[in-house]
Amino acid sequence: MNPSAYLIRIGEITLKKRNRSRFLNALVQAIRQRLAGLEFHLEPRHKKLLLQCSAAPDLIQSRLSTVFGITGISPIWKCALDLEAIQNLSWSLCQDKRQSAKDFGVRVRRNNKNFPIKSMDCQAQIGSFLLKNGLNLPVNLKSPDLAINVSLEFKEAWVWTETWPGRGGLPQVGDSRHLLLLSGGIDSPVAGNLIQKRGGTLAAVYFHTPPYTLDAAKEKAIDLAHVLAGFQVQLDLYIVPITRIMKRLLSDCDNGYSVVLARRFMMRIATRLAEQHGYHALVTGENLGQVASQTIQNIHCINEGVPLPILRPLIGLDKLEIVGLAEKLGSFEISIRPHQDCCSLFAPEDPVTKATLTRIRSMEEPLPIVDMVEEALAETEVQTIRPQIIH
Ligand code: ATP
Ligand code: MG
């Protein structure tokens, strides 16, 4: 028996005061977009959203799994606003879980104060009905394994026993646009997704070094961009070839500095893209101390001269925490496909860990930086990626 409807919980949005309706509208729009092609009705109810949709529950669950702003979804079953009807429905909803559950509890919320029985009494009466019918479990009101939730509404009662966890966060309101430096690695997609989680909309840039990095490496970045696009209406991916820049750095500069110098070029190119397309910040997957290039001295040198905020959402996470997030995002399997990105390929044996701006300036001074940047930009390929519809 499919649920009658779904109660969508919206967490943090309810705490917003002046901006609540903006976030709520953005969430409603995101849900509508995700459910496109299905027949449904969505309306606000008690600081939640009530969704009616006759599609298969699994399909609804997977379609809505990439909407930030949802903290949980409870499939609900409706019955008449009558104690006996509620008791019978509760009993039938217990059937699947009663063999495996350790204990149970009934929770009643009386949104309709005209209902003649107070919530506590209602809970007790439903609980004793279930026990009498043969629900052979101890009662646990605090955190029951099997929770039977009842909401007494104005014209009907709702009953549910499970809530699918949502991703939390905030929906995209559109005025927070970010450019993610997306490599084929584990970290940058996770960093981008954390920005999406806080309501940011992403575009991404991948720096390609053909023929040193293969098309398979570029495919990895494209596939990762598809994962991130699943959280948006669309995502623009810029693919910028930087082979000439890398060769020049390797021939003209101290090789120990090649990674830091390459990162500075990536920041310059990303800044130009941000200026051209109106992104407010750059995002990277950098993490303090993870690899040689990511010391605070090197990060200082990579930052220098960048006029935009550079967001590094992973800065304080452990690798295992990042891997956990990558698995939850669905990017991990793509990221570990064996293809080197440009930096690991060009990485020197002995990379500098305490780069100084004086050294960097002396190496960059003879370089035609503006031309090098413009040349790479002129060869940029753009792909607009739309989320795949789950059928
Ligand atoms: P990742 O797992 O994201 O590749 P990482 O731990 O390998 O990160 P680095 O290789 O030092 O770290 O890269 C640091 C950050 O610089 C990346 O997270 C990414 O944001 C950016 N970056 C590195 N290489 C590229 C590239 N080829 N294209 C776009 N961005 C890149
Ligand atoms: Mg990397």
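Atoms within a ligand are numbered from 1 in the order they appear, just like the ligands themselves. All figures in this text were calculated on a predicted structure; none of them were measured in a lab. Only heavy atoms go into these numbers, but all of them, side chains included; no hydrogens, no water, no symmetry mates.
- By the side-chain contact (heavy atoms from CB on, under 4.5 Å) test, T66 is found to be paired with R34, F231, residues two or more places apart in sequence or in another chain being considered.
- At a heavy-atom distance under 4.0 Å, only backbone atoms of V205 (N, CA, C or O) approach ligand 1.
- Where the criterion is an N or O separation shorter than 3.5 Å, residue side chain and backbone included, Y206 fails it with respect to ligand 1.
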Going by atom type alone, with no hydrogens or angles, which donor-acceptor pairs under 3.5 Å involve a side-chain atom of residues 163-170 and a protein atom two or more places apart or on another chain?
{"residue": "T163", "atom": "OG1", "partner": "S74", "partner atom": "OG", "Å": "2.8"}
{"residue": "R167", "atom": "NE", "partner": "S65", "partner atom": "O", "Å": "2.7"}

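- Taking every heavy atom of T284 and a limit of under 4.0 angstrom, the matching atoms of ligand 1 come to 20 (O).
- Listed for the R110 side chain is a donor-acceptor partner under 3.5 Å among the backbone atoms of F115.
- Of all the heavy atoms of H208, none lies under 4.0 Å from any atom of ligand 1, so neither backbone nor side chain is involved.
- By the criterion of a heavy-atom distance under 4.0 Å, the backbone of L182, and not its side chain, is placed next to ligand 1.
- Stacking of R98 on the aromatic ring of F104 is not recorded, the 6.0 Å distance cut-off and the 45° axial limit not both being met.
- Taking only nitrogen or oxygen atoms, main chain and side chain alike, R263 reaches within less than 3.5 Å of ligand 1.
- Partner of E304 under the salt bridge (charged side-chain N to carboxylate O under 4.0 Å, His left out) criterion, chosen from R263, R268, R361: R361.
- For a threshold of 3.5 Å applied to N or O pairs, the pair formed by V283 and ligand 1 contains no separation below that value.
- Between R244 and E379 there is a salt bridge, with a side-chain nitrogen of the basic residue lying less than 4.0 Å from a carboxylate oxygen of the acidic one.
- Taking any N or O of Q294, backbone or side chain, at least one lies under 3.5 Å from an N or O belonging to ligand 1.
- Taking any N or O of M266, backbone or side chain, none lies under 3.5 Å from an N or O belonging to ligand 1.
- The N/O atoms of I186, backbone and side chain alike, include one that comes under 3.5 Å of an N/O atom in ligand 1.
- Looking only at distances, no side-chain donor or acceptor of N193 sits under 3.5 Å from a matching main-chain atom of P189.
- Close contacts between ligand 1 and G185 involve ligand atoms 1 (P), 2 (O), 4 (O) [criterion: under 4.0 Å to a heavy atom].
- Using a 4.0 Å cut-off between a side-chain N of Lys or Arg and a carboxylate O of Asp or Glu, D187 and K319 qualify as a salt bridge.
- Atoms of ligand 1 lying under 4.0 Å from at least one heavy atom of G285, given by number and element, are 17 (C), 18 (O), 20 (O).
- Looking at P189 next to ligand 1, no N or O pair under 3.5 Å apart turns up.
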